[in-house]
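Working notes, beginning with the structure itself.
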Amino acid sequence: MNAAEFTTRVRERFSFEGVFLLILLVTIALRFYFLDLKLFHHDEAIHAWFSYRLLTEGTYIYDPMYHGPFLYYTTAGIFSLLGDSDLVGRILPALFGTLIVPLLYPIYRLGYLDQKQTLVAALFLAVSPNMVYFSRFLRNDIYIAFFTMALLVALLYYFERGQVRYALLAGAAAGFGMSAKENMPIVLLIFGVFSLYQVWTRKVRLPDHWVRDLVLGGLVMTGIMAVFYSSFGAHPEVLLDGWLRAIEHWTAMHQMQRLGGPPYFYILLFILYEIPILALAVVGVLQFFDVPGITKRWRSHPTEMDAEGAAMGEEEIPIAPETRSLRDRFRGLFNRGREVGPVNRQEEFARFAIFWMLLSLAAYAYIGEKVPWLILHQLLPMIFVAVYAMTTRKAIIAVAASVFLVAMTFHVAFTPADINEPIVQVQNSEDLRDVFAKIDAADRVAVASETYWPLPWYYRGDQASKLSYYSKKVDESTIYAGDFDLVITHDADTYPALEGYTKETYRLNYWFSYTENKDRLLEYYFLRNGKVGSRNLEVFSRVSSGTAG
């Protein structure tokens, strides 16, 4: 094999499509490998339990505390096909988390991303610790991330092609997203405002039948929401007051700040887990606004791959250098423009991504409920900002920095033990496996505590009959009269001792404790060790007569 043949084979193996497929395979592996490695999180157990009840009893009605119905109906559906288990419960989140990556390809095909931007964005999505962790997590947010991407693709194609099918797809994405979680309106508002800006500045030309398409898309969205929120017609009354109860509930949660934090809460999470993406997003913003010295420093000559990627964009017309000043960029971002002809797709997409990112960061900084999974809705636009003007130098730095992302991903998602990380929020401890072993060996179990999740999920169906839930500490005479083999209490409200029983303490769930680590934050950043906050169970096991003798 001569040098020319070798070079040709290397180029074939490492073509754009080949590398993109390789990244997609990595995405699949990281999301589906050993899905039940860790026990269900507290919230996952509740979601799975409600889905199981929907499957076995047919009972479900929308409650804003537990978010939209999409998760419960789809999870019940997959339980009916593959059985109810931790692994099966996480299959759909893993699938939706995987499908976000291939949705980059149509954006590339339209010319809004070049090849290097597409590959680096795919890599970031594939190995991001938060994207991986919450793709292996039975919560609604990964669904919202997917439907956000689907909505974005549908809108881009509609603005390009003007075909009603894309308006219908946009309506479907919005409808499913609205049926998944109450924060989808934030996405719709951001997308809607920027779309109006694009139309007002004549950078987007709507087809003559746009009113019809808007109405049809709205009908699709409304129809999907009506089906899900009415529990497929079983509870039509929810359509009358469900939206009002959702507003009241989440307004109360915002004011209460039950899980509060400072406005910069998510910035700290980005520094902990996604610092390469955060840093490159800052560079991307500086590049876009052409801050003196930044653009020149990161500029490189286009490669053959860049030229091919640019050619994919129809009507790709560079913007004159004089229009790239900081003042004009700022005006172009907020004010009505005079441009009526073709625009540079990658520039306009970057403008949108910056707008999307900044408004998302501001919205979630303001919202009083601070929980780690909400970072997904800020991370998604940040990735698009990070890949703006992806020069060869910047791409090399991005790939090298992804080593950090991979290391953090394996730490948070594939460590088969309790980890001292904010990303876990209130994760059920692996210590519970020992408690489960004791329950499995017992015939009668008393749960004398209001703190008992995830036991209803792990002991459901035929196994549920061995557990008696008192939901509080009861008189000792009740325990003795029940002839229980095992008594489970919360260590904050327990018995000093029970005659004939031995007592052991197990961690129920745990979380990162800021108060315990605030004096060693720099050390913690590199070592990821230290103390965690936790709630514990005290388990009383009856001593057999043989053991007592």
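Hydrogens, waters and symmetry mates are skipped; everything else that's a heavy atom, side chains included, is used.
Leu104 pairs in a side-chain contact (heavy atoms from CB on, under 4.5 Å) with only one of the listed residues (Ile23, Leu24, Leu125), which is Leu125. The residue from Leu272, Ile271, Leu278, Ile277 that alone fulfils the side-chain contact (heavy atoms from CB on, under 4.5 Å) condition with Glu274 is Ile277.
Aromatic ring centres of Phe484 and Tyr480 lie farther apart than the 6.0 Å criterion allows. Taking the ring centroids of Tyr62 and His235, they lie at or beyond the 6.0 Å cut-off. Aromatic ring centres of Tyr143 and Phe147 lie farther apart than the 6.0 Å criterion allows. Taking the six-membered ring wherever Trp is involved, the centroid distance between the rings of Tyr495 and Tyr501 does not fall below 6.0 Å. When ring centroids are compared, Trp457 and Phe79 come within the 6.0 Å threshold.
Using modelled atom types, one finds no donor on one side chain facing an acceptor on the other under 3.5 Å when comparing Tyr72 with Asn140.
The shortest heavy-atom contact between Asp84 and Arg460 is OD2-NE, 2.7 Å.
Atom NZ of residue Lys370 and atom OH of residue Tyr266 lie 6.0 Å apart, to the nearest 0.5 angstrom.
Put simply, the side chain of Arg31 never gets that close to the backbone of Phe96: no donor and acceptor are under 3.5 Å apart.
Arg528 forms no cation-pi arrangement with Phe526, by the criterion of a distance under 6.0 Å to the ring centre and an angle within 45° of the ring axis.
Checked for salt-bridge contact, Asp483 and Arg542 meet the test: a charged N lies under 4.0 Å from a carboxylate O. Salt-bridge formation is detected for the pair Asp141/Lys181: a Lys NZ or Arg NE/NH1/NH2 atom is positioned less than 4.0 Å from an Asp or Glu carboxylate oxygen.
Between Trp49 and Tyr52, the ring-plane angle classifies as parallel under the 30° and 60° cut-offs.
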Practice item. Output, in order, the C-alpha distance, side-chain angles, deciding distance and verdict of side-chain contact (heavy atoms from CB on, under 4.5 Å) for Gln425 and His42. Key: CA-CA 9 Å; Gln425 189 68 18; His42 175 271; over 6 Å; no
